[in-house]
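As a basis for the values below, the full set of heavy atoms in this structure was taken, side chains included, without hydrogen atoms, waters or symmetry mates.
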Amino acid sequence: MEKVEGAFLTISELASELALPQHILRYWETRFSQLRPLQRSGNRRYYRPADVELVRRINHLLNVEGFTVKGAQKALADGGGEPLPAAPAKNGEAAASADLLPRLEAIRATLARAIGE
C-alpha cells in the first residue's frame, strides 16, 4: 500500500525510494544544517515533504551533478543551482521517457556550448 502524497516518510522508505543506504541520509543530516527530520522516541526519523524535497535535491547535486559535499552546501546556500527535474508520477513514467531524447539533446547542446565546441 502506497502512502498518500505529502505523508511523512521514514528513513527506510526514503532510502529505498532513492536507492541509498540509510547511513548516507544520517550522514547528510550532519553536513546539511537545513536537513532536520522529525525525530521521535528511539530516534525514529520522519521526513516531512519539505525534507524529502531537500534530500532529493542533495542527492541530485551529489550523485547526478557530481558536486562535492562542500560544493553542494554552497549551491544550496546560494539558491540550489540548477532546478531539480520533476519526479515523474509512477504511472506516468512511460510518458516521461517519451520526452527523454529531446531533453538529453538539449543537455548535450548546453554542454557543447560550455566547452566551446
Side-chain angles (χ1 to χ4, degrees):
M1 182 167 111
E2 289 188 31
K3 288 190 172 185
V4 292
E5 185 73 26
F8 289 16
L9 297 180
T10 64
I11 191 169
S12 62
E13 291 168 335
L14 185 56
S16 175
E17 178 182 313
L18 297 173
L20 292 170
Q22 293 179 24
H23 72 271
I24 296 295
L25 297 176
R26 287 190 292 273
Y27 172 73
W28 288 351
E29 289 174 28
T30 67
R31 295 294 175 234
F32 297 92
S33 59
Q34 309 95 316
L35 183 57
R36 291 285 162 237
L38 294 174
Q39 289 191 340
R40 297 288 187 229
S41 62
N43 284 333
R44 275 189 63 91
R45 289 163 168 80
Y46 292 95
Y47 291 85
R48 297 168 284 230
D51 296 322
V52 171
E53 287 305 312
L54 179 59
V55 168
R56 287 182 182 141
R57 183 72 193 125
I58 292 168
N59 184 50
H60 185 78
L61 288 169
L62 296 174
N63 297 319
V64 176
E65 294 186 37
F67 280 68
T68 62
V69 170
K70 191 168 279 236
Q73 290 168 334
K74 183 170 176 10
L76 288 172
D78 293 346
E82 290 292 315
L84 185 60
K90 293 193 189 287
N91 59 358
E93 288 181 20
S97 64
D99 71 335
L100 183 60
L101 185 57
R103 289 181 15 215
L104 289 174
E105 288 171 342
I107 292 169
R108 181 179 177 191
T110 302
L111 290 172
R113 284 192 305 273
I115 60 173
E117 285 189 8

Between Leu62 and Ala72 the two heavy atoms that sit nearest each other are CD2-CB, 3.8 Å
Side-chain heavy-atom pair Pro49, Phe8 within 4.5 angstrom cut-off: yes
Quiz prompt | Note, Leu76 side chain near Phe67 side chain (heavy atom, < 4.5 Å) | solution = no
d(Glu65 CD, Asn59 CG) to nearest 0.5 Å is 11.0 Å
| said: Does Gln22 form a side chain to side chain contact (heavy atoms under 4.5 Å, CB included) with Arg26? I'd like the steps, not just the answer. | reply: CA-CA 7 Å; Gln22 293 179 24; Arg26 287 190 292 273; 3.5 Å; yes
Is there a chain of hydrophobic side chains (I, L, V, M, F, W, Y, each step under 4.5 Å between heavy atoms) that links Leu18 to Tyr27?
yes
Just by distance, do the side chain of Asp51 and the backbone of Arg48 share a donor-acceptor pair under 3.5 Å? yes
Looking only at heavy atoms, the pair that brings Leu25 and Leu35 closest together is O-CD2, 4.4 Å
Please step through side chain to side chain contact (heavy atoms under 4.5 Å, CB included) for the pair Phe32 and Ile58, ending with a clear verdict. CA-CA 9 Å; Phe32 297 92; Ile58 292 168; 3.6 Å; yes
Separation between CG (Leu14) and CD1 (Ile24), nearest 0.5 Å, reads 12.5 Å
Closest heavy-atom pair, Pro21 versus Ala15, reported as atoms and distance to 0.1 Å, is C-CB, 4.3 Å
When rounded to the nearest 0.5 Å, the distance separating OG of Ser16 from CD1 of Ile11 is 12.0 Å
Residues 35-45 vs side-chain hydrogen bond (donor to acceptor under 3.5 Å, both in side chains), sequence neighbours excluded, gives Glu29-Arg45, Arg44-Tyr46
_Looking at Glu13 and Thr10, would you say the former's side chain and the latter's main chain have a donor-acceptor pair under 3.5 Å?_
yes
Checklist entry - Under a 4.5 Å cut-off applied to non-hydrogen side-chain atoms, are Arg31 and Lys70 in contact? => result no
